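Below, chain A is the first sequence line, B the second, and so on; all start at residue 1. What you see is a predicted model, and the numbers here were worked out from it, not measured in a lab.
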Amino acid sequence: MSFNHREIEKKWQEYWLEKKTFKTNTFSEKEKVYALDMFPYPSGAGLHVGHPEGYTATDIFSRMKRMQGYEVLHPMGWDAFGLPAEQYALDTGNSPKEFTAKNIATFKRQIQELGFSYDWDREINTTDPNYYKWTQWIFTKLYEKGLAYMDEVAVNWCPALGTVLANEEVIDGKSERGGHPVVRKPMKQWMLKITAYADRLLEDLEDVDWPESIKDMQRNWIGRSEGAEVTFKIDGFEESFTVFTTRPDTLFGATYAVLAPEHPFVEKIVTNDHKEEVEGYLNKIQTKSDLERTDLAKEKTGVFTGAYAINPVNGEKMPIWIADYVLMSYGTGAIMAVPAHDERDFEFARKFELPITEVVTGGDVSKEAYTGDGVLVNSGFLNGLNKNAAISKMIEWLEENNNGSRKITYRLRDWLFSRQRYWGEPIPIIHWEDGTMTAVPETDLPLELPTMTEIKPSGTGESPLANSDWVNVVDPETGMKGRRETNTMPQWAGSCWYFLRYIDPDNPNQLADPKALQEWLPIDIYIGGAEHAVLHLLYARFWHKFLFDIGVVPTKEPFMKLFNQGMILGEGNEKMSKSKGNVVNPDDIVVSHGADTLRLYEMFMGPLDAAVAWSTNGLDGARRFLDRIWRLMITEDGKPSEKISDKINPTLEKVYHETVKKVTEDFENLHFNTGISQMMVFINEGYKAEYLTKEYVEGFIKMISPVAPHIAEELWSRLGHSETISYEPWPIYDETKLVDKEVEIVIQIMGKVRNKLKVSKDISKEELEKIALEDDKISDLLEGKTVRKVIVVQGKLVNIVAN
RNA sequence: GCGGGUGUGGCGGAAUUGGCAGACGCGCUAGACUUAGGAUCUAGUGUCUUCGGACGUGGGGGUUCAACUCCCUCCACCCGCACCA
């Protein structure tokens, strides 16, 4: 008889909820472990089989840690602001609030049916005013410190969505959501000065235990480059312009300069005889979308302005060109071109027949740009130096002669923080009629979203909030009129600090009690999808560092250890998608196979970080394993098996202790697939054994309980226990039980296995060598050969070199 | 192009101070039980083989008594970035 998963899963889920089994004691005396999942956006589609993968991993970790005597914080919540709810509201006329509430209810039911050990008293929701009060509060602090500011920036305007998108929400010139076209448009926007934290965001990556690939992605995103700024006078003008270069050593080889098409000097310096050509070029560029600009980038384009810059180091005249391979958004929007030692400049110079002067030896600059190290030539006082020495010396020269200085530039830009949307946290700022601007005082927070019947975007770029009376305010003291900021925050805002609120979720007076934060931070393990490798994780680190600076949190970094779960693909090894019809719904699996089976299967599929295809056969196999456990321990009529005895069964002793060791270590390291396979080995041995030792059976149930908690609780209670298994002490292993008195030794001749012998584990090297050489089979094989050398590895093998 | 990663049976995957390649699961084969089995149990299952053995971890080369593991080189695929000066 197999177990009835529908009955027992329901039974234990109700038990846990009712008894608040997983309630966390904030100020417990125990050592603390904080295991965090990336909270989900509760979409209308409901839970996907990908969600439970990471959630099961942290749940296993949490459950094991509780049994090992730790106080565990393991919470769940909802990242519930965002575009889909608003889009749905626009399409159907329904309220995003109700829609969101409904989706959350579905997600919560689904998650609870999977038996995760969350403390539901700490559930949070980013759209709850009691929560976003503190999101807004953090914003006002950023504003006070000058880290939130308004700026006129060319933004990604998406006419179809009626909103501005962040760079990262634009993929190949189209909106990430919906794939609508995006154009550049200058608008006044709120920005957060994340660049002020660039160096610390980079440096502190050294302190965290994250996958190297994620750290690298963040490093590349921040994109720190060291170099110098060099100022160039323009022949015949008062003005000068500045370029950024990582290769100041090549300044003698700079033969022309290039300004970005958007550079403010372009119109000023263009000579009359080139005006027409330049304007034509600018027009062509401006009507191109970003996408087309990238597409056409294979062929470099540009025009000469007629103006000349003076190379400060040798006084030579350098023609100033305009080209769209120079980006206004990086560095200063202007470059010195050194075609001999930069591939892009080389290509451009070739096309427009500009001079190419070699200044670093080592390549053949008549064929291609040489970017490597070498000895400087044609470079006055730099001649004879190598690259690094020349860089230092040139910077010295520039600083002494007031022509430039050392400079560090980042690829990272400030964070475009405002959205022209209804369904987001209102930015708590009031614009007064006298032109000033103030933050909403803390006592007036939260600044709640008004209920609106019509939330269509105005189309002009303002958010739907502009259509509400809510925008109008009057200062009660001075009577001055004002208008509220109508922009709202991006979806990233709420997820930048949610992990802090779990620690003290109901605190009305502060974001969280500092004493409680001190207890729980930093987070011990954070698991989620790799799609958040840069944005969420970088933004959250930025806010955390800011909160650290203003004394709100006690740690520099929020997430000590990070892990990315892999994707679960469809059976055909393709991404699951509605259109392919290969989506697996967790609800169906819970009904057909049970939550324990789903959890077990997802953990057994492969390494946690690998992308693995779903397999219905594999799922059946997981269920079969649970049935085997059940049948081994429970009789047909539901009683404990008579095979279970108080006696120690020596044939199970070693495999039991091995299993405890391997499972404990593997779970600690998130190697669930191998830990589970060891438990399968134990059950296989259990079937072969004449009788089962009760201690081993109970130890096994404890070890399977983090993976398959419902069946474990049921077995535990049927074996006569009245309390939950959740806080039973985790089994420990005895090192002395892991080694046999006899070990099998491999005998090799020339590295090939020729025989295997059982010998006592304490045998000496000399004895082992003797036994090996005297073995019948081996001596036969060695006949007529000379033994040259014998390598003995104690307890493992003997390799005989003979020919 | 740059950065990171992966490559092992029919399939998912094990195996790292270099020491028995293929644990465990799926699938498959045979047998047992059975009216029946897409249930369960038992045994087998890398390839080739003249049954001695030979070969085998993407290809080629190297170091070593010994290489999935270390080094060189090439190939394929995946992820991220992409004119970042």
For this session: State, without any angle test, whether Thr56(A) and Glu602(A) hold a side-chain donor-acceptor pair at a distance under 3.5 Å.
Result: no
For this session: Report the base-pairing partner of U6(B) (Watson-Crick or G-U wobble, both distances below 3.5 angstrom), or none.
Result: A76(B)
Problem set entry | Paired nucleotide for A36(B) [Watson-Crick or G-U wobble; both distances under 3.5 Å] | none
Exercise. What is the pairing partner of C41(B), taking Watson-Crick or G-U wobble pairs with both distances under 3.5 Å in any strand?
Worked result: G31(B)
Exercise. Is a side-chain donor or acceptor of His341(A) paired with a backbone partner of Val360(A) at a separation under 3.5 angstrom?
Worked result: yes
Problem set entry | Any strand: nucleotide that pairs with U17(B) via Watson-Crick or wobble, under 3.5 Å | none
Problem set entry | Per Asn799(A) side chain, nearest of listed nucleotides A66(B), A85(B), C24(B) | A66(B)
Exercise. In Watson-Crick or G-U wobble terms, both distances under 3.5 Å, what is the partner of G12(B)?
Worked result: C24(B)
Exercise. Counting only N and O atoms by type, is there a donor-acceptor contact under 3.5 Å from the side chain of Arg224(A) to the main-chain atoms of Asp199(A)?
Worked result: no
Exercise. Which nucleotide in the set C65(B), G25(B), A85(B) lies at the smallest distance from any side-chain heavy atom of Phe604(A)?
Worked result: G25(B)
Problem set entry | From CA spacing to verdict: side chain to side chain contact (heavy atoms under 4.5 Å, CB included), Leu398(A), Val230(A) | CA-CA 7 Å; Leu398(A) 288 168; Val230(A) 183; 3.8 Å; yes
Exercise. OP1 or OP2 of C24(B) less than 4.0 angstrom from a side-chain nitrogen or oxygen of Arg628(A), does that happen here?
Worked result: no
For this session: May I ask you to establish whether Lys643(A) and Tyr691(A) are in a cation-pi arrangement, using a distance under 6.0 Å from NZ or CZ to the six-membered ring centre and at most 45° from the ring axis?
Result: no
Exercise. Quick one: Met328(A) CE to C83(B) P, roughly how many Å, whole number?
Worked result: 16 Å
Exercise. Taking the side chain of Val753(A) as its heavy atoms from C-beta onward, which of G13(B), A21(B), A54(B) lies nearest to it?
Worked result: A21(B)
Exercise. Counting any heavy atom closer than 4.0 Å, what does Pro211(A) reach on the DNA or RNA strands: base, sugar-phosphate only, or nothing?
Worked result: nothing
Exercise. Under 4.0 Å: is that the gap between some side-chain N or O of Arg624(A) and OP1 or OP2 of C26(B)?
Worked result: yes
Exercise. How do Lys789(A) and Val534(A) order along RNA chain B: which one's closest nucleotide is nearer the 5' end?
Worked result: Lys789(A)
Seminar exercise, completed: Walking RNA chain B from its 5' end, the first of Tyr687(A) and Gln678(A) to be reached, judged by nearest nucleotide, is Gln678(A)
Exercise. Hey, does the side chain of Asn684(A) come within less than 4.0 Å of G25(B)'s phosphate (OP1/OP2), counting only N and O?
Worked result: yes
